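Taking it in order: structure first as structure tokens, then the write-up.
What you see is a predicted model, and the numbers here were worked out from it, not measured in a lab.
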Amino acid sequence: MNPFLSLAITILVLLVILFVVSYILNKRTPVPKGCEHLKISEEFCLNCTNTDCRIHEKLDLEKIQKELESEDIQE
């Protein structure tokens, strides 16, 4: 067996293990103090171009935009 092939396989396996461990540790990390009740800014979501975002999908963007426009008119 070629020694470079075994080295490449070893590096690949180590990278996969590193990814899995970091993913698990990230999921177990608690939310920092002061960030427990952060609310997603609807105005920011209107300006966001990421259409794959799960938060973006849940928002009724047309309703939010109408509310923001009515607030601008009242001011």
Side-chain angles (χ1 to χ4, degrees):
M1 184 174 206
N2 191 349
F4 292 113
L5 181 63
S6 62
L7 178 64
I9 291 173
T10 304
I11 291 174
L12 186 63
V13 168
L14 289 175
L15 287 174
V16 169
I17 291 171
L18 179 67
F19 172 76
V20 170
V21 169
S22 64
Y23 181 81
I24 291 170
L25 290 176
N26 186 36
K27 285 292 184 184
R28 291 185 181 179
T29 303
V31 177
K33 290 183 181 179
C35 297
E36 297 92 0
H37 304 292
L38 285 180
K39 188 176 178 183
I40 298 166
S41 171
E42 295 170 345
E43 292 178 20
F44 181 75
C45 281
L46 285 174
N47 296 327
C48 181
T49 58
N50 184 1
T51 56
D52 295 331
C53 177
R54 292 182 183 168
I55 297 168
H56 193 84
E57 291 174 356
K58 291 179 184 178
L59 293 176
D60 185 6
L61 296 179
E62 293 177 5
K63 179 182 174 186
I64 295 169
Q65 195 166 19
K66 288 177 184 176
E67 290 175 3
L68 290 173
E69 289 173 358
S70 67
E71 287 177 8
D72 289 340
I73 293 171
Q74 292 175 357
E75 293 176 357

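- Through direct or relayed side-chain contacts under 4.5 Å between Ile, Leu, Val, Met, Phe, Trp and Tyr, Leu15 connects to Leu7, Ile11.
- Under a hydrophobic-cluster definition in which Ile, Leu, Val, Met, Phe, Trp and Tyr are linked whenever side-chain heavy atoms come within less than 4.5 Å, directly or via other members, Val13 and Phe4 are assigned to different clusters.
- Not a single side-chain contact (heavy atoms from CB on, under 4.5 Å) links Leu12 to another residue, sequence neighbours left out.
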Using residues 20-33 as the side-chain source, report each donor-acceptor pair under 3.5 Å to any protein atom, sequence neighbours left out, with the distance given to one decimal.
| unit_1 | atom_1 | unit_2 | atom_2 | d |
| --- | --- | --- | --- | --- |
| Ser22 | OG | Leu18 | O | 3.1 |
| Ser22 | OG | Phe19 | O | 2.9 |
| Thr29 | OG1 | Leu25 | O | 2.7 |

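- Cluster partners of Leu14 are absent, since no Ile, Leu, Val, Met, Phe, Trp or Tyr has side-chain heavy atoms less than 4.5 Å from it.
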